[in-house]
Protein chains: 2
Amino acid sequence: MDDGNPARTRIQRRNRKAILEAALEVFSAQGFRGATLDQIAAEAGLSKPNLLYYFASKEAIHAELLAGLLDIWLAPLRELDPAGAPQAEILRYVRRKLEMSRAMPRESRLFANEMLQGAPRLAEALPGLKALVDEKAGVIRAWSEAGRLAPVDPHHLIFAIWALTQHYADFEVQVRAVLGPGHDPYDEAGAFLDLLFARLLRV
Amino acid sequence: MDDGNPARTRIQRRNRKAILEAALEVFSAQGFRGATLDQIAAEAGLSKPNLLYYFASKEAIHAELLAGLLDIWLAPLRELDPAGAPQAEILRYVRRKLEMSRAMPRESRLFANEMLQGAPRLAEALPGLKALVDEKAGVIRAWSEAGRLAPVDPHHLIFAIWALTQHYADFEVQVRAVLGPGHDPYDEAGAFLDLLFARLLRV
DNA sequence: CTGCAATCTGACCATACGGTCAGAAAAGGA
DNA sequence: TCCTTTTCTGACCGTATGGTCAGATTGCAG
């Protein structure tokens with residue numbers, strides 16, 4: 001019941017989906033240890049034993065959430081196209097990443113929680129992450145060396161994009177508290193980041 | 001025993017300090033719910049009942065840590081000097097903030113944990129935070145309008161500084177995993193951020 | 001040294017939590 | 001309909017955890 005392949009019956013599909021949705025809600029808001037099976041079960045509209053009928057353990061639910069997460073999270077970076085226009089490609093990446101923070105703040109916070117704790121349940125995925133980043137860093141470096149982009153450390157450029165976009169999801173309370181009502185943080189951030197990266201990368 | 005004024009006896013000073021140090025270690029690594037009094041007591045070299053002789057509850061320890069944190073954390077921003085040279089002032093702020101991430105990564109993660117959970121125990125401090133940020137945003141806006149700084153949204157500039165500097169502490173595992181061995185993330189970040197903000201703010 | 005206050009401890013308690021299990025209820029195919 | 005499989009539940013268990021307490025131990029002023 002805790003395997004990765006798609007659930008067979010209609011009921012299984014519905015309930016597994018409800019559980020993962022509920023778990024995302026609770027895990028992202030409370031962290032792994034802070035979340036309880038009772039909370040998740042209540043949020044999913046199921047009883048706790050029934051929840052454990054679909055997933056072997058709390059760990060298993062969390063693991064399944066994380067498993068899907070990295071792929072989704074890194075998809076925009078994967079699409080960075082070496083054949084595209086350097087500045088446009090990076091700006092497009094920034095915008096897509098910011099859009100993900102807006103549309104999936106819970107996923108962002110789930111990821112942040114995991115990283116804050118030292119990525120104990122994501123450690124094995126880190127080498128793959130490094131490989132992808134190194135590859136794309138190579139693309140960016142080549143653009144710089146070809147004079148199509150201002151010279152810049154590609155790894156830290158990528159870190160900067162992550163930090164700046166995820167910040168709006170992970171620290172949303174703070175951002176909203178500081179801006180006060182009547183602001184759309186993500187809209188403003190979009191404009192600001194366009195400007196920032198344009199100035200940073202202009203040859 | 002859980003009041004704010006300085007402990008009287010030598011033993012109290014020593015043990016309260018040890019407890020807060022241990023609690024910072026554990027809370028920042030595990031989050032509030034993830035941390036246990038036993039862990040903190042062990043880390044501090046005290047028994048759990050003895051720990052509770054000095055602090056009324058787990059909450060009280062956490063509260064005392066947070067109480068001191070915001071002040072320390074915002075000190076560099078407070079020092080942003082309206083009478084200084086705009087670019088130099090902001091670059092100095094960035095460097096000091098990055099230095100804090102390097103020297104106090106646990107404090108950074110404690111703060112991040114709190115924000116991720118929606119700042120339940122810091123909510124009352126947010127208005128004061130907004131006031132400070134608004135004040136400094138005013139300074140930056142004035143610099144921009146006087147043509148001494150490239151035009152830029154001051155609030156989001158401050159968010160950017162927070163995001164970029166704290167990222168290296170909060171996501172340290174990820175940063176190190178991606179860079180691989182033989183890198184000093186903070187040294188490299190220092191150079192990168194100097195460049196970034198110089199290009200962003202140049203008139 | 002004496003006696004009081006400060007410090008510390010082992011034993012204990014109540015609750016919360018992850019997880020189990022026997023069996024009831026519902027689905028679904030024949 | 002009948003029968004098998006899937007889905008679901010109430011009751012329960014063991015452990016972890018925050019916290020209490022009576023009393024032992026230690027520090028220290030006189």
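Every heavy atom of this structure was used, including side-chain atoms; hydrogens, water molecules and symmetry mates were not. Per chain, numbering begins at 1; letters A, B, ... match sequence-line order.
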Sugar-phosphate, base or nothing in reach of B:L37, heavy atoms under 4.0 Å: sugar-phosphate
N or O in side chain of A:R33 less than 4.0 angstrom from D:dA16 OP1/OP2: no
Heavy-atom donor-acceptor pair, A:K136 side chain to A:R78 backbone, under 3.5 Å: yes
Value in whole Å for how far the P atom of D:dT9 lies from CD1 of A:I11: 12 Å
N or O in side chain of B:N50 less than 4.0 angstrom from C:dG10 OP1/OP2: no
Euclidean distance, atom CZ of residue A:F27 to atom C1' of C:dC17 [Å, nearest integer]: 13 Å
B:R102 NZ/CZ over B:Y168 ring centroid, <6.0 Å and within 45° of normal: no
Interatomic distance where NE2 belongs to A:H62 and C1' belongs to C:dG18 [whole Å]: 15 Å
Spacing between B:F55 atom CZ and C:dC8 atom C1', to the nearest angstrom: 16 Å
C:dT7 phosphate, OP1 or OP2, under 4.0 Å from B:T9 side-chain N/O: yes
Phosphate OP1/OP2 of C:dT7: any B:Q12 side-chain N/O under 4.0 Å: yes
Sugar-phosphate only, base, or nothing, as touched by A:A35 at under 4.0 Å among non-hydrogen atoms: sugar-phosphate
Contact nearer the 5' end of DNA chain C, comparing B:L46 with A:S57: B:L46
Whole-Å gap separating C1' (D:dT7) and CG (A:L52): 14 Å
Among A:L200, A:I161, A:V139, side chain to side chain contact (heavy atoms under 4.5 Å, CB included) partner for A:I90: A:I161
N/O (side chain, A:N15) to phosphate O (OP1/OP2, D:dC8) under 4.0 Å: yes
d(NZ, A:K58; P, D:dA16) in whole Å: 14 Å
Spacing between A:E59 atom CD and C:dC17 atom C1', to the nearest angstrom: 15 Å
Whole angstrom value for the distance that separates P of D:dA16 from CD of B:Q30: 16 Å
Given B:I72, B:L116, B:L66, B:L122, the one that forms side chain to side chain contact (heavy atoms under 4.5 Å, CB included) with B:F111: B:L122
B:Y53 side chain near C:dC8 phosphate (N/O to OP1/OP2, under 4.0 Å): no
Under 3.5 Å donor-acceptor pair, B:K48 side-chain atoms to D:dG18 base atoms: yes
Side chain of A:Y54 (C-beta onward), nearest among D:dG18, D:dT7, C:dT9: D:dT7
Sugar-phosphate only, base, or nothing, as touched by A:R10 at under 4.0 Å among non-hydrogen atoms: sugar-phosphate
Presence of B:S47 side-chain N/O under 4.0 Å of C:dT9 phosphate oxygens OP1/OP2: yes
Side chain A:R109, main chain A:A169, donor-acceptor under 3.5 Å: yes
Parallel, tilted or perpendicular: rings of A:H156 and A:F159 (30°, 60°): perpendicular
